[in-house]
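Keep in mind that the numbers below use all heavy atoms, side chains included, and drop hydrogens, waters and symmetry copies.
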Amino acid sequence: MGGLRRKYSTGIINIRSILQIVIIASLLALAAIVVSTTILALVRFGSSVLLSDQWTDFDYTRRLAEGGLRFADLFDQHNEHRIFFPRLIFFLDYLVANNTNTVDLVFNVLIVAGTLFSILSLYRKLEKDRGVYLGFAAIGTAILFSLSQRENFLWGFQVQFFGAVAAAAGAFLAFAVSVERARRGEAATGPRCLAYLLVLVDTYTLSNGILAAFLLIPMALALRAGRATVLATLGWALLLAVSYFLNFHPVQGHSPYLYSLTHPLDYLGYLSGYLGNLVTCLGMAEPLRSRAAILLGATGLLLTLAALARSLRTWDEAPARVALLALILFVLGTAMLTALGRITFGMEQAFSGRYVTPVSAFWVAHICYWVPLRRLRDGLGQGLALAGSVMVAGLLLCAAKGHLQGWREAANQALTAAQARDAILSSVHDEAVYRTLFPVAEVIDRHVPFMRDHHLSVFANPDNRLLGQTPDWLGPASTNPCIGAFDVVSLLSSSGGELSLGATGWAWEQAGGKAVARLLFTDAAGRVIGYAGGGWPRPDVRLAIPAVRSGAVGWTGFLKAAPATVVRAYALLPGHRACMVGEKIMPSDNSRLVPLSSLGAAIPISSAPAVSGGWSKDGQNAAAGPLPLDDVVYGSWSGADGNIGELRVGPFTADHSRIAFPMVTGPHAENQVAVLLDAETNVELRRYPLFNSPTWTGVELQLPEAAVGKAVVLEFRDQGTGWGEWSAVGGLHEVPSDNPTP
């Protein structure tokens with residue numbers, strides 16, 4: 001019987017060992033996948049386009065390039081921050097990588113790796129079981145590298161958000177090592193000076209970094225580092241604070257601190273939501289999302305209080321555990337400061353992706369603090385271990401779900417950045433597109449010429465500097481390896497006889513079996529006049545053409561061209577090869593899109609419009625919605641894209657040289673035209689191709705001199721039978737005299 005028991009017991013132990021190995025191996029594999037795909041996301045979706053605050057901070061790079069930068073300038077405030085050390089990284093990106101964000105994004109990964117190294121080094125000092133250490137180290141890696149922090153990983157400017165956490169973690173690790181060495185009678189000056197240096201870096205990386213310097217003081221007290229060390233640490237923290245707040249000016253627009261004092265429950269809710277923002281990656285709807293985040297954050301607050309009470313009760317904690325607690329308190333202090341300044345912005349502000357970075361470190365530090373304290377010998381210990389395991393599993397689930405969501409968001413962000421890149425490269429000022437980069441387009445316009453002249457940012461790639469040139473390698477190949485279409489051209493503006501246009505289409509490289517990534521536009525002489533980028537969703541193409549094996553074969557771009565000229569679209573292939581995708585005649589500059597609000601009084605017309613074919617009253621597709629004016633609407637859709645026909649408006653007398661009307665079209669407007677006719681002879685006076693406009697907008701027409709003061713008819717013709725080929729219009733309107741001439 002004893003032998004059977006031993007065999008049975010041995011069998012259970014073997015099963016447990018195998019299960020432990022499988023779990024650890026799975027967690028390590030998950031961590032490796034998260035890290036590798038995060039790096040892949042940076043390579044695949046990282047953009048050389050400057051984003052948001054980078055445009056204003058680029059002033060310092062310009063001063064550096066022009067020789068006008070002073071050392072003191074590096075300490076200038078950026079909002080409430082003094083980002084001295086991040087600016088050094090930005091300058092390195094300028095010097096090494098021509099402001100393409102390459103250095104910035106590499107530093108993002110390296111800094112997160114530094115944070116992970118610091119936390120796991122502290123954890124290794126506490127954890128005795130190698131297998132348990134590997135498992136939870138893998139969990140911590142997956143959380144810290146999750147693309148739930150996509151906003152920080154893919155934005156070069158965010159080295160400061162990663163850097164603030166990494167510098168604090170490194171400082172606490174170095175200080176703990178210095179105490180350990182002093183206790184062993186070894187030299188402790190080196191790691192202690194490193195800790196002081198890192199809190200200096202933290203202070204001048206992000207405003208909350210000053211907290212790290214002051215947290216070294218209770219660390220020194222709790223670890224009984226000695227009076228001299230405590231005083232030196234206190235003096236250094238005060239010196240950093242004085243230097244930081246010297247000539248400091250408050251930032252306008254933040255929440256008044258009095259609000260938090262008078263609304264303590266709101267403050268506590270915001271603070272808890274901040275610390276629990278990892279759960280927002282699960283995609284829950286409101287109010288469940290906010291409640292879940294507040295619940296998780298409140299749990300984190302209780303765990304922090306428990307850890308703090310434990311340390312205050314024993315006053316005999318290991319230096320590594322005190323360092324982990326300091327990191328937890330650092331993030332808590334960061335959350336408290338953020339709540340003070342942003343509570344009136346709403347809970348959504350606490351859920352911002354940029355704040356997932358410190359919160360991820362907060363929870364990984366908690367895991368590494370509590371796991372080595374596990375007790376499995378009694379029921380209470382086993383119950384707490386089970387509850388902790390469930391929480392850790394939930395955090396890992398949030399990281400994994402956030403990673404997948406972050407990948408999708410990164411792909412969409414890359415398309416938006418590429419669209420802005422092509423507008424800049426094409427010298428087309430599209431206000432809406434520019435605002436995806438920075439809310440004030442004039443700031444972009446101010447810096448773009450400098451970037452072009454110095455080959456910076458999007459202009460670093462020689463192929464992005466072809467505007468106005470005629471490359472000898474650009475031309476149709478003997479056998480065209482591409483299929484595609486040049487679908488829609490939309491007029492954005494006109495000036496000096498030149499049109500600024502947006503264009504869309506699709507392209508597929510048959511030999512490579514993939515969607516085309518970049519395109520160029522040329523005029524009839526082969527001169528490059530614009531750029532386009534691929535990867536946009538066009539599932540209709542894949543359904544219609546079996547040879548196309550991707551739903552992301554769409555492209556969108558910008559160009560400048562003379563009215564009524566032929567423009568060709570070329571797909572760029574590796575090795576400076578190209579294939580023509582299509583060509584299209586540009587619209588005339590006799591018409592332009594204008595806001596509905598700019599339409600003047602209705603032009604009186606004695607008779608109702610004459611309709612034929614598919615035109616009917618309120619005949620627009622339901623997707624267009626109703627016209628937000630009192631005009632009677634006629635549309636050519638009337639139930640089917642294939643409907644064609646004419647809408648004849650008039651006769652009316654053209655008293656002025658310009659008229660306008662509201663219009664909406666289907667996704668394809670290339671076969672939609674308006675024709676101005678002499679009412680008496682029915683002779684065509686001018687033809688106006690309609691612009692693609694999926695939402696209601698105004699169209700302003702410049703009339704020929706021969707039409708002014710005479711009776712004319714405006715005939716709208718739908719000549720397209722394909723998908724999305726329809727249009728709808730309202731009544732005719734006068735153009736106020738203060739409207740600028742096209």
Side-chain angles (χ1 to χ4, degrees), residues 19-20 22-41 112 115-116 119-120 123 131-153 272-304 328 331 335 347 350-371 374 383-411:
L19 183 60
Q20 184 182 37
V22 170
I23 293 174
I24 293 172
S26 299
L27 291 173
L28 289 171
L30 175 63
I33 291 171
V34 169
V35 173
S36 59
T37 49
T38 294
I39 295 174
L40 178 61
V112 176
T115 303
L116 179 66
I119 296 176
L120 294 187
Y123 178 43
V132 173
Y133 169 78
L134 289 174
F136 283 100
I139 291 172
T141 302
I143 293 174
L144 287 179
F145 274 92
S146 170
L147 278 174
S148 54
Q149 307 164 76
R150 181 266 316 166
E151 180 179 345
N152 289 340
F153 270 119
S272 299
Y274 181 107
L275 295 175
N277 62 23
L278 292 184
V279 303
T280 61
C281 298
L282 297 179
M284 294 178 287
E286 291 291 355
L288 182 60
R289 181 180 66 155
S290 293
R291 291 171 181 170
I294 290 173
L295 178 61
L296 178 60
T299 303
L301 284 174
L302 292 175
L303 288 173
T304 302
I328 292 168
V331 178
M347 185 65 75
F351 298 156
S352 173
R354 73 188 67 178
Y355 298 141
V356 174
T357 291
V359 172
S360 296
F362 174 84
W363 285 106
V364 173
H366 261 301
I367 291 170
C368 295
Y369 180 96
W370 291 107
V371 169
R374 64 190 180 278
L384 291 174
L386 178 60
S389 299
V390 170
M391 175 168 284
V392 171
L395 293 172
L396 186 59
L397 175 63
C398 292
K401 183 73 180 295
H403 188 71
L404 296 175
Q405 177 182 325
W407 180 276
R408 292 190 295 269
E409 292 175 349

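Using a 4.5 Å heavy-atom cutoff, the side chains of S26 and L30 are not in contact. Side-chain contact between F153 and V112: present, with at least one pair of heavy atoms (C-beta onward) separated by less than 4.5 Å. Proximity of L397 to L282: side-chain heavy atoms (C-beta onward) are separated by under 4.5 Å at one or more points. The closest side-chain heavy-atom distance from F145 to L116 is below 4.5 Å. Between I143 and I367 there is a side-chain heavy-atom pair separated by less than 4.5 Å.
Taking OG from S389 and CG from L384, the interatomic distance works out to 10.5 Å, rounded to the nearest 0.5 Å. Here the OG1 atom belonging to T280 is positioned 7.5 Å from the CD atom belonging to Q405, to the nearest 0.5 angstrom.
Take R291 and apply the side chain to side chain contact (heavy atoms under 4.5 Å, CB included) test, not counting sequence neighbours, and it matches P287. In terms of the ring-ring contact (aromatic ring centres under 6.0 Å, His included) criterion, F136 has no residue partners (sequence neighbours excluded). The side-chain hydrogen bond (donor to acceptor under 3.5 Å, both in side chains) test applied to N152 returns Q158, T357, not counting sequence neighbours. Applying the salt bridge (Lys or Arg N to Asp or Glu O under 4.0 Å) criterion to R408, with sequence neighbours excluded, gives no partner residue. Applying the side chain to side chain contact (heavy atoms under 4.5 Å, CB included) criterion to I24, with sequence neighbours excluded, gives Q20, L28, L134. In this view, F362 and H366 satisfy the ring-ring contact (aromatic ring centres under 6.0 Å, His included) rule, not counting sequence neighbours. Residues satisfying the ring-ring contact (aromatic ring centres under 6.0 Å, His included) test with Y355, not counting sequence neighbours, are Y274. For the side chain to side chain contact (heavy atoms under 4.5 Å, CB included) test, residues two or more places apart in sequence or in another chain that qualify with S148 are S146, C281, V356. Applying the side chain to side chain contact (heavy atoms under 4.5 Å, CB included) rule to L288 yields the partners M284; only residues at least two apart in sequence or on another chain are considered.
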Do I139 and W363 pass the side-chain contact (heavy atoms from CB on, under 4.5 Å) test, and can you show the C-alpha distance, the side-chain angles, and the key distance before you say yes or no? CA-CA 11 Å; I139 291 172; W363 285 106; over 6 Å; no
Apply side-chain contact (heavy atoms from CB on, under 4.5 Å) to H403 and T38, showing your working. CA-CA 8 Å; H403 188 71; T38 294; 3.2 Å; yes
Determine, stepwise, if the pair V34 / T141 fulfils side-chain contact (heavy atoms from CB on, under 4.5 Å). CA-CA 8 Å; V34 169; T141 302; over 6 Å; no
Check step by step if side-chain contact (heavy atoms from CB on, under 4.5 Å) holds for V279 and L295. CA-CA 10 Å; V279 303; L295 178 61; over 6 Å; no
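A salt bridge (Lys or Arg N to Asp or Glu O under 4.0 Å) check over residues 384-400, counting only residues at least two apart or in different chains, returns nothing. Residue pairs that meet the salt bridge (Lys or Arg N to Asp or Glu O under 4.0 Å) test with at least one member in residues 138-151, sequence neighbours left out, are R150-E409, E151-R354. Applying the ring-ring contact (aromatic ring centres under 6.0 Å, His included) test to every pair with at least one member in residues 276-304, sequence neighbours left out, gives no pairs at all.
Across every non-hydrogen atom of A138 and A31, the tightest pair is O-CB, 3.5 Å. Between A293 and F351 the shortest heavy-atom distance is CB-CE2, 3.6 Å. C368 and I119 get closest at one heavy-atom pair: SG-CG2, 3.8 Å. Closest of all the heavy-atom pairs between T37 and I33 is OG1-O, 2.6 Å. Scanning all heavy atoms of the two residues, the minimum distance from L278 to S360 falls at CD2-OG, 3.7 Å. L40 approaches W407 most closely through the heavy-atom pair CD2-CH2, 3.8 Å.
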